[in-house]
Amino acid sequence: MIKVDISNVWGELSLADMLQCEQEVFDAHMLLSEGKGPGNDFLGWLKLPTFEETEEMRRIQRAADKIRSDSEVFVVVGIGGSYLGPRAAIELVNGSHHNLKKGNPQIFFAGNNLSTNAWLELCQLLEGKDFSINIISKSGTTTEPAIATRALLLMMDRKYGAKAKERIYVTTDSAKGALRQMATEEGYETFIIPPNVGGRYSVLTAVGLLPMAVAGMKPTDVMLGAARARKDMDIRSFENPVWQYAAIRNLLYRKGKKIEILGSYEPNFRYFAGWWQQLFGESEGKDGKGIFPATVEFTADLHSLGQMIQEGERNIFETIVRFAPPAKQVEIGLNAKNLDGLNYLKGRTLDFVEEQAFQGTLAAHVDGGVPNIVLQADEICADTLGELFYFFELSCGVSAYMLGVNPFNQPGVEYYKRNMFKLLGKPGY
């Protein structure tokens with residue numbers, strides 16, 4: 001199970017502070033688990049993890065096997081959670097350079113921006129390749145993925161004709177919406193986003209599981225990790241890592257720590273951090289409240305943001321995600337000339353050096369007035385991935401209720417759309 005080390009926050013907080021909010025955390029967790037809080041019609045994600053393989057998982061695996069057999073490229077069309085969840089999973093487990101490796105189809109993402117350059121680059125990457133697409137949207141009318149969908153369907157029609165529909169997979173609402181209507185009329189294979197699961201909480205549905213399966217992960221492995229987290233994190237005490245994380249981040253916020261920096265020493269964690277950023281940003285940032293979610297990649301960003309973190313305004317705290325060392329280790333060798341002065345590290349592993357960098361940075365930042373929460377996870381794999389997803393989803397729900405906001409709506413995102421639609425001349429705006 002994920003372990004939370006809160007020993008590096010006591011300069012700002014005391015154990016008494018934490019114990020005084022026990023009833024508050026309990027109440028927030030109960031609101032969530034009993035479905036009595038605001039937004040309770042979007043709690044379907046709570047019960048998604050299961051130890052048993054479902055028919056939906058088997059359908060996902062069969063579709064993934066077909067895609068892996070007939071496609072060199074798989075294009076995932078979506079934005080927000082429909083994009084960040086799948087990409088977070090694939091890059092954390094398979095690496096940021098997964099498309100350069102042999103064995104799995106290349107996986108590209110579209111419909112998450114309005115860049116002409118990005119679209120032209122995707123077209124070049126698809127040229128001469130057999131490909132399939134997965135359109136992910138509850139409505140089918142969100143501007144960015146809808147434009148990409150329109151263009152990709154035209155491209156597939158020209159390339160495959162009547163057989164194009166055999167390469168189109170749709171993940172959408174079970175009964176309504178433009179994309180559901182399109183899929184039904186055209187006969188595309190469809191997977192369901194449950195109506196009681198919002199986009200940023202949807203990664204453990206077909207939204208995330210189908211792209212993961214195409215990337216070579218078994219949906220059952222991901223779900224087992226999430227199911228174990230669901231079981232282990234249902235306890236109502238501070239032995240629960242969710243309680244510790246949710247309580248400490250809210251207590252720090254009340255002490256003036258308005259920015260949370262999520263970081264890891266794994267470069268492949270970058271998109272997982274982006275998924276976390278959307279999860280907490282859209283869930284908590286409302287009603288004039290909210291901890292601003294920022295992300296860093298260490299050690300790289302120690303050479304860019306390190307100065308700001310160390311000596312900038314003291315309105316930040318860090319959450320660092322650590323993983324167990326990989327089974328295979330890399331040793332640093334001897335160099336006869338030793339011009340770089342590194343021979344003192346001969347025989348040391350790269351993992352050892354990273355650990356010392358982490359410990360040194362942790363001490364420096366804490367001494368500099370930046371409280372640190374450290375989350376310790378197991379070695380990176382599909383099982384750990386599922387556990388992490390569920391831990392953060394549950395933590396976000398509890399934390400948002402402690403903050404006094406609805407974790408499951410996002411009214412503010414509509415404002416920019418109204419202005420954009422008016423400028424575009426969309427009817428009705």
Side-chain angles (χ1 to χ4, degrees), residues 18 20-49 79-82 84-85 137-139 142 173-177 192-205 207 226 229-230 233-238 240-254 257-260 262 275-293 319 389-418:
M18 183 173 169
Q20 284 174 5
C21 77
E22 184 174 12
Q23 185 64 47
E24 187 181 352
V25 189
F26 177 86
D27 291 342
H29 198 166
M30 289 297 288
L31 274 179
L32 196 65
S33 61
E34 294 183 356
K36 295 181 179 179
N40 55 17
D41 48 343
F42 284 96
L43 291 175
W45 57 273
L46 271 172
K47 297 181 179 179
L48 283 174
I79 198 167
S82 300
L84 289 167
S137 175
K138 270 196 173 183
S139 67
T142 304
D173 189 86
S174 60
K176 61 183 180 180
I192 303 305
I193 307 173
N196 59 354
V197 176
R200 59 186 177 274
Y201 292 85
S202 67
V203 70
L204 294 175
T205 70
V207 168
R230 177 186 172 188
M233 296 173 190
D234 194 40
I235 57 176
R236 304 296 196 273
S237 76
F238 275 120
N240 188 338
V242 167
W243 277 40
Q244 296 175 44
Y245 180 52
I248 293 299
R249 64 193 306 277
N250 273 275
L251 288 170
L252 287 171
Y253 175 68
R254 295 166 193 175
K257 303 297 185 181
K258 306 294 185 180
I259 299 170
E260 178 178 10
L262 183 77
W275 171 84
W276 167 89
Q277 190 172 49
Q278 187 211 3
L279 178 69
F280 279 85
E282 278 197 347
S283 296
E284 292 190 325
K286 59 200 69 164
D287 302 336
K289 304 175 183 178
I291 303 168
F292 187 89
T319 298
F389 276 135
Y390 196 79
F391 167 80
F392 279 119
E393 288 178 343
L394 186 58
S395 296
C396 187
V398 173
S399 181
Y401 280 151
M402 288 185 69
L403 189 63
V405 299
N406 180 350
F408 308 112
N409 67 351
Q410 54 279 341
V413 301
E414 297 303 317
Y415 286 96
Y416 91 89
K417 293 180 182 178
R418 294 172 193 169

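By convention here, the first residue in the shown sequence is residue 1.
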How long is the straight-line distance from CD1 of Ile259 back to CZ of Phe292, given to the nearest 0.5 Å?
7.0 Å
Would you say the side-chain atoms of Lys286 pair up with the backbone N or O of Asn409, donor to acceptor, closer than 3.5 Å?
yes
Any side-chain to backbone donor/acceptor pair from Asn40 onto Gly35? Under 3.5 Å, distance only.
yes
Is Glu393 salt-bridged to Arg230, cutoff N-O under 4.0 Å?
no
Can you classify the ring geometry of Phe408 versus Trp45 as parallel (below 30°), tilted (30 to 60°) or perpendicular (above 60°)?
tilted
Looking only at heavy atoms, which two atoms of Phe238 and Val25 are closest? And how far apart?
CZ-CG2, 4.2 Å
Roughly how far, to the nearest 0.5 Å, is CG of Leu43 from NZ of Lys36?
13.0 Å
Looking only at non-hydrogen atoms, find the nearest pair between Ser137 and Ile193 and report the distance.
C-CD1, 4.2 Å
Test Leu48 against Thr205 for side-chain contact (heavy atoms from CB on, under 4.5 Å), laying out the working first.
CA-CA 8 Å; Leu48 283 174; Thr205 70; 3.5 Å; yes
Kindly say whether Gln410 contributes a backbone atom to a donor-acceptor pair with the side chain of Glu282 at under 3.5 angstrom?
no
Please check if the side chain of Arg200 supplies one atom and the backbone of Gly198 the other of a donor-acceptor pair under 3.5 Å.
no
Checking Arg249 against Tyr245: charged group under 6.0 Å from the ring centre and within 45 degrees of the axis?
yes
Donor-acceptor contact below 3.5 Å, side chain Ser399 vs main chain Cys396:
no
Find out whether Leu394 and Leu32 are in side-chain contact, i.e. whether some heavy atom of one side chain is under 4.5 Å from a heavy atom of the other.
yes
Between the side chain of Asn240 and the main-chain N/O of Ile235, is any donor-acceptor distance below 3.5 Å?
yes
Could you tell me if the side chain of Ile291 sits less than 4.5 Å from the side chain of Phe280, heavy atoms only?
no
Closest non-hydrogen contact found for Glu260 with Thr319 is OE2-OG1, 2.6 Å
Would you mind reporting whether Tyr401 and Pro38 have side-chain heavy atoms less than 4.5 Å apart?
yes
Is any side-chain heavy atom of Tyr390 closer than 4.5 Å to one of Ser395?
no
Both conditions, 6.0 Å and 45 degrees, for the charged tip of Lys258 above the ring of Tyr253: are they met here?
yes
Sub-4.5 Å side-chain heavy-atom contact between Val203 and Phe389
yes
Test the Arg418-Tyr415 pair against the cation-pi criterion, namely NZ or CZ under 6.0 angstrom from the six-membered ring centroid and within 45° of the ring axis.
yes
Ignoring hydrogens and angles, state whether a donor on the side chain of Gln23 or Asp27 is under 3.5 Å from an acceptor on the partner side chain.
yes
Hey, are the side chains of Lys176 and Asp173 touching, using non-hydrogen atoms and a 4.5 Å cut-off?
yes
Please report the shortest heavy-atom distance between Arg254 and Met402, naming the atom on each side.
NH2-O, 3.6 Å
Shortest non-hydrogen separation from Val207 to Ser82 and the atoms involved
CG1-CA, 3.8 Å
Cut-off 3.5 Å, side chains only: do Ser283 and Tyr201 have a donor facing an acceptor?
yes
Please examine the side chains of Gln277 and Pro293, heavy atoms only from C-beta on, and report whether any two atoms are closer than 4.5 Å.
yes
Could you tell me whether a side-chain N or O of Gln278 sits under 3.5 Å from a main-chain N or O of Gly81, the two making a donor and an acceptor?
yes
Evaluation steps, side-chain contact (heavy atoms from CB on, under 4.5 Å), between Arg236 and Trp243:
CA-CA 8 Å; Arg236 304 296 196 273; Trp243 277 40; 3.9 Å; yes
Going by heavy atoms in the side chains, are Leu46 and Ser33 under 4.5 Å from each other?
no
